[in-house]
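In the text below, chain A, chain B and the rest are named by the order of the sequence lines, each starting its count at 1. Here the structure is a predicted model, which is why all the values come from computation and not from measurement.
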There are 2 protein chains.
Amino acid sequence: MGVARKTKSVSELLDVFGQTDNALSVVELVSKLDQHMNKTTVYRILDRLEDGGQLHSFIGKDGLKWYAKCQKCSSSHHTDLHPHFQCRDCGKSECLNVDISIPSVANHRIDSAELLLVGSCQDCLNQ
Amino acid sequence: MGVARKTKSVSELLDVFGQTDNALSVVELVSKLDQHMNKTTVYRILDRLEDGGQLHSFIGKDGLKWYAKCQKCSSSHHTDLHPHFQCRDCGKSECLNVDISIPSVANHRIDSAELLLVGSCQDCLNQ
DNA sequence: ACTACTTTCGCAACTGAGTTGCAATAAAGA
DNA sequence: TCTTTATTGCAACTCAGTTGCGAAAGTAGT
Ligand SMILES: [Mn+2]
Ligand SMILES: [Mn+2]
Ligand SMILES: [Zn+2]
Ligand SMILES: [Zn+2]
């Protein structure tokens with residue numbers, strides 16, 4: 001049911017997301033917030049924020065979980081279908097504001113789709 | 001550099017892939033081959049077969065690694081870009097023979113793409 | 001078939017992301 | 001302030017995947 005109580009830990013985590021438009025890996029978040037909260041807490045808050053429609057998640061190229069802010073999602077209903085980009089050089093991930101077309105597949109019901117593009121980001125190309 | 005020696009373990013693993021057109025998760029393979037070879041061996045052979053262009057891999061919706069036979073890939077060069085489907089109900093994954101369009105992204109170089117569709121497979125819909 | 005060379009394998013120990021159970025803590029409302 | 005209950009910290013756990021190394025088994029040459 002999302003976040004029910006705005007605790008100090010929830011605010012701190014939201015602050016981190018407020019400071020960037022990039023996606024953030026859980027590993028990165030746990031490490032960055034190490035002095036402020038337990039890693040279990042990070043996992044649980046991310047879970048609740050996704051459940052509440054404030055964040056969405058995807059699996060990166062190495063199987064690690066990433067989170068990013070939702071833009072157009074109503075609470076507890078993720079609708080904004082967009083691809084993600086992960087840089088092979090620096091590892092960073094971004095949400096892409098690009099429309100994608102999902103192919104229909106005979107005899108299959110498609111409920112969701114994840115498109116992950118891998119390559120080099122702008123920063124890594126310019127150096 | 002792919003597989004250099006056709007060992008008993010390599011043959012057994014290829015036999016498993018020869019019996020199905022579906023993708024197989026590493027977890028499943030390790031469990032199925034438990035009496036025949038060590039799990040480290042399974043991981044290493046899969047690695048080599050992918051490197052040699054006989055198999056390709058992708059990350060499933062839960063972050064687990066899956067492998068499937070390559071159709072059009074020359075050895076050590078994976079070219080067949082296609083989406084994968086994973087059933088939310090039974091967990092199985094398949095390669096889809098469907099063309100997908102990869103959007104271009106300004107100021108980014110895209111090297112590869114992974115499209116994962118999630119939903120219900122034919123078997124699970126008919127029951 | 002024997003030898004030498006090198007790849008491959010088994011094993012056991014390890015790594016690291018993510019989870020669980022439970023007691024302690026702290027929001028939020030009355 | 002009191003009560004209720006969501007949330008947190010902690011420690012232990014799970015499990016996919018990796019590593020190092022000595023032993024075993026392909027392979028090519030003789
Ligand atoms: Mn996104
Ligand atoms: Mn495939
Ligand atoms: Zn980069
Ligand atoms: Zn199914």
Problem set entry | Separation of D/dG9 C1' from A/His36 NE2 (nearest whole Å) | 16 Å
Exercise. Quick check, are the ring centers of B/Phe85 and A/His108 under 6.0 angstrom apart?
Worked result: yes
Identify the pairs formed between an N or O of the protein and an N or O of nucleotides 10-12 of chain D at a distance under 3.5 Å, and give each distance.
{"unit_1": "D/dA11", "atom_1": "N6", "unit_2": "A/Thr40", "atom_2": "OG1", "d": "3.4"}

Problem set entry | Nearest-angstrom distance from the residue atom CG of B/Asp47 to P of C/dT8 | 12 Å
Problem set entry | Base versus backbone protein contacts along nucleotides 23-30 of chain C [heavy-atom cut-off under 4.0 Å; B, S, -] | ---BBS--
For this session: Classify the nucleic acid contact of B/Val26 as base, sugar-phosphate or nothing, counting any heavy atom under 4.0 Å across all strands shown.
Result: sugar-phosphate
Exercise. When you look at B/Arg109 and B/Asp111, which way does the salt bridge (charged side-chain N to carboxylate O under 4.0 Å, His left out) test go after all the steps?
Worked result: CA-CA 6 Å; B/Arg109 190 184 63 218; B/Asp111 294 326; 3.3 Å; yes
For this session: Apply the test side-chain contact (heavy atoms from CB on, under 4.5 Å) to residues A/Val118 and A/Lys61: give CA-CA distance (whole Å), side-chain angles for both, the deciding distance (0.1 Å), then the verdict.
Result: CA-CA 8 Å; A/Val118 177; A/Lys61 68 182 174 65; 3.9 Å; yes
Exercise. Rounding to a whole Å, what distance do you find between B/Tyr67:OH and D/dA16:P?
Worked result: 15 Å
Exercise. Heavy atoms, side chains only, cut-off 4.5 Å: are B/Leu116 and B/Ile59 in contact?
Worked result: no
Problem set entry | Interatomic distance, A/Gln86 atom CD to A/Phe58 atom CZ [nearest 0.5 angstrom] | 7.0 Å
For this session: For residues A/Arg88 and A/Cys124, determine if any side-chain heavy atom of one lies less than 4.5 Å from a side-chain heavy atom of the other.
Result: no
For this session: Check the distance between D/dT14's C1' and B/Leu64's CG and give it to me in whole angstrom.
Result: 13 Å
Problem set entry | Pair A/Leu13-A/Phe17, side-chain contact (heavy atoms from CB on, under 4.5 Å): steps then yes or no | CA-CA 7 Å; A/Leu13 199 35; A/Phe17 279 97; 4.3 Å; yes
Exercise. Which whole-number value in Å describes the distance from B/Asp34 CG to D/dA16 P?
Worked result: 12 Å
Problem set entry | Closest heavy-atom pair and its distance - B/Pro103, A/Val98 | CB-CG1, 3.6 Å
Exercise. Could you give the distance from SG (A/Cys121) to CG (A/Asn22), rounded to the nearest 0.5 Å?
Worked result: 8.5 Å
Exercise. Atom CD of A/Glu50 to atom P of C/dG18: distance rounded to whole Å?
Worked result: 12 Å
Exercise. How many angstroms lie between CG in A/Asp89 and CG in A/Leu125, if you round to the nearest 0.5 Å?
Worked result: 7.5 Å
Problem set entry | Degree of bending in the helix from C/dA1-D/dT30 to C/dA30-D/dT1 once both end axes are built from five pairs, to 10° | 40°
Exercise. Are the side chain of B/His82 and the backbone N or O of B/Asp80 linked by a donor-acceptor pair below 3.5 Å?
Worked result: yes
Seminar exercise, completed: Separation of C/dT8 atom P from B/Leu46 atom CG, nearest Å, is 14 Å
For this session: May I ask you to say what B/Val3 touches in the nucleic acid, namely base, sugar-phosphate or nothing, with a heavy-atom cut-off under 4.0 Å?
Result: sugar-phosphate
Exercise. Roughly how many Å is it from CG in A/Asp62 to P in C/dG16, rounded to a whole number?
Worked result: 14 Å
Seminar exercise, completed: Of B/Tyr43 and A/Ile45, the one whose nearest nucleotide on DNA chain D sits closer to the 5' end is A/Ile45
